[in-house]
Amino acid sequence: MVFNWFRRKFGGSGEEPSPAAESPTEVPPAESTASTASPGILNWAKTALQSIQARQQSQRPTTVETTEETQETPTAEPVAADASFPVSTESTETAVAEPAPIQPLVEAEPREPDPPLLLDEGFLWSAAVLAAQGRRPEEVDLEEITWLQRLRQGLGKTRRGLVHQLRAIVGQGPLSRDAVEAIEMLLLQADVGVKATEQIIAALQTKIRQETLPADQAIAYLKEILRDILDRPFQQGYRRNCAPKKGTLNIWLIAGVNGVGKTTTIGKLAHIATQSGYRCLIAAADTFRAAATEQVKIWGQRSNVEVIANPGKNTDPAAVVFDAIGAAQARGTELLLVDTAGRLQNKANLMEELKKIRRIIDKRAGDAQIESLLVLDATLGQNGLRQAQVFAEAAQLTGVILTKLDGTAKGGVALAVVQELGLPIRFIGAGEGIKDLRPFSSFEFVEALLSSDAEVAA
Ligand SMILES: Nc1nc2c(ncn2[C@@H]2O[C@H](COP(=O)(O)OP(=O)(O)OP(=O)(O)O)[C@@H](O)[C@H]2O)c(=O)[nH]1
């Protein structure tokens, strides 16, 4: 049994939250170590750990006696050898399917070993975050615990500059002018952006003026303000859940300037999709950079997803997309991921190319569920936002994927992204591994950003 990230229940941004998850309760502010965690959390975590271990035990392959027959390596038909594979009639360039690896399925990179299961500080913190969302310990998956730990660790740099000082300032009653300036400075340093910072300070000040709050409660209120900002797009018509619709074609156009992590993100999305039971296909429509196609093919192999590419150099990306849509329709694909160029001769060309790809998608797959996702590199902070407006127009953006949250002190840019662009964050990346990209949850993000720890072991 693999974990289905698209159907995951979580508070704050899931379409199907557990009843208690609709208004997540607070994660205990005190540092949850095995000795200090509340008995409730400790018991919850122990039950979760036992359930995970029991599942692992039951899923462990049993040794069976093999006959000579069963030891033979099975052969399989290459998927790409399908003679009925549709190709474009409108373009002179023909894209070809790059098959996913055929039997035996050999992973392109060594399997990431399962992390050791310990009831340590990281596990307890993750347990507290999940419990606060109304999750039952028996239903929690190890992947969720691992991801939460990864996210918290990844946001460490942003958090370290933020939390201790915030705590010291907000615990002192109504905000003085100096305190306001100090908070402003901290938020701006985390790249939260001027507008979002102003909003946060105004809301915090109003609350603190009404009642003097101890530091823990003031931080809890601050978390609420941040969640409100991150979830605002859902009040403006965006649906909460970003999962592709089952049984129909979903097309996700992935755009962004070069180097932000588009190709890597496509590989990780393909992995989530196949793990979650979706039939997935990738269109390698970054034909400008020769190495891009090779890179996306490697990710296709890792996630066991077929790649539609054009072997020619500098060929028409819209033709690749055209053919990929045909292939997707013929095969009953549920999620088609379209990789696009991040750099062309100039910006105008890049935008024209994106518009053309978008037109092809609208024309050829008008019935499909189309998402147009902009990949932004968190390490660039707000500099990345300037690109976004241009892309918004060309690709009709519907959401953002924020990558490289690990190793940056600018994690606060997530708030600036939502505030400035009005788009929901759909996924966040916190590492280069295939499991280091997950659907975004404002609740979990804010908890990881403002958790009260001093250190999380690397
Ligand atoms: N630390 C970290 N690195 C990442 C993350 N996502 C992507 N990267 C790295 O960022 C680099 C660029 O990623 P690509 O996927 O090639 O970026 P791209 O946007 O496709 O770039 P072009 O193909 O040049 O347009 C690679 O070294 C990735 O491993 C992340 O979440 N964290």
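In listed order, ligands and their atoms are each counted from 1. For clarity, every value in this text was computed on a predicted model and none was experimentally measured.
For Lys195 and Glu198, the salt-bridge test fails: no basic side-chain N is under 4.0 Å from an acidic carboxylate O. Ion pairing between a basic and an acidic side chain is recognised when a charged N comes within 4.0 Å of a carboxylate O; Asp316 and Lys356 show such pairing. Contact check on Asp362 versus Arg358 returns a salt bridge, with a Lys/Arg side-chain nitrogen under 4.0 Å from an Asp/Glu carboxylate oxygen. A salt bridge links Arg152 to Glu121: one of the charged nitrogens lies within less than 4.0 Å of a carboxylate oxygen. In summary, Glu444 and Lys223 do not engage in a salt bridge, as defined by a charged side-chain N under 4.0 Å from a carboxylate O. For Lys245 and Glu334, the salt-bridge test fails: no basic side-chain N is under 4.0 Å from an acidic carboxylate O. Using a 4.0 Å cut-off between charged side-chain N and carboxylate O, Asp436 and Lys268 make no salt bridge.
Only the backbone of Ala430 comes within contact range of ligand 1, with a heavy atom under 4.0 Å; no side-chain atom does.
For atom 17 (O) of ligand 1, the closest non-hydrogen atom on the protein side is Gly261 N, 3.0 Å. Distance from atom 16 (O) of ligand 1 to its nearest protein heavy atom, with residue and atom name: Gln295 NE2, 2.8 Å. Ranking the protein heavy atoms by distance from atom 23 (O) of ligand 1 puts Arg289 NH2, 2.5 Å first. Looking at atom 20 (O) of ligand 1, its nearest protein heavy atom turns out to be Thr263 OG1, 2.7 Å. Nearest protein heavy-atom contact of atom 18 (P) of ligand 1 is Lys262 N, 3.4 Å. Given atom 32 (N) of ligand 1, the protein heavy atom at minimum distance is Asp406 OD1, 2.9 Å. When only non-hydrogen protein atoms are considered, atom 31 (O) of ligand 1 lies nearest to Lys404 N, 3.0 Å. Of the protein's non-hydrogen atoms, the one nearest atom 27 (O) of ligand 1 is Glu432 OE1, 3.5 Å.
The distance from ligand 1 to the heavy atoms of Gly429 drops below 4.0 Å at these ligand atoms: 31 (O).
Ligand 1 has at least one atom lying under 4.0 Å from a heavy atom of Gly259. A heavy-atom separation below 4.0 Å is not found between Asp436 and ligand 1.
Not a single donor-acceptor pair under 3.5 Å links the side chain of Lys410 to the backbone N or O of Ala378.
Checking only distances, Gly431 does come within under 3.5 Å of ligand 1, N or O to N or O. For ligand 1, none of its N or O atoms has an N or O atom of Ala292 under 3.5 Å away. The distance criterion of under 3.5 Å between nitrogen or oxygen atoms is met by Thr264 with respect to ligand 1. For the pair Thr403 and ligand 1, the shortest N or O to N or O distance does not fall below 3.5 Å.
Counted by atom type alone, Ser372 and Gln396 present zero donor-acceptor pairs between their side chains at under 3.5 Å. A donor-acceptor contact under 3.5 angstrom links the side chains of Glu143 and Trp5, judged on distance only.
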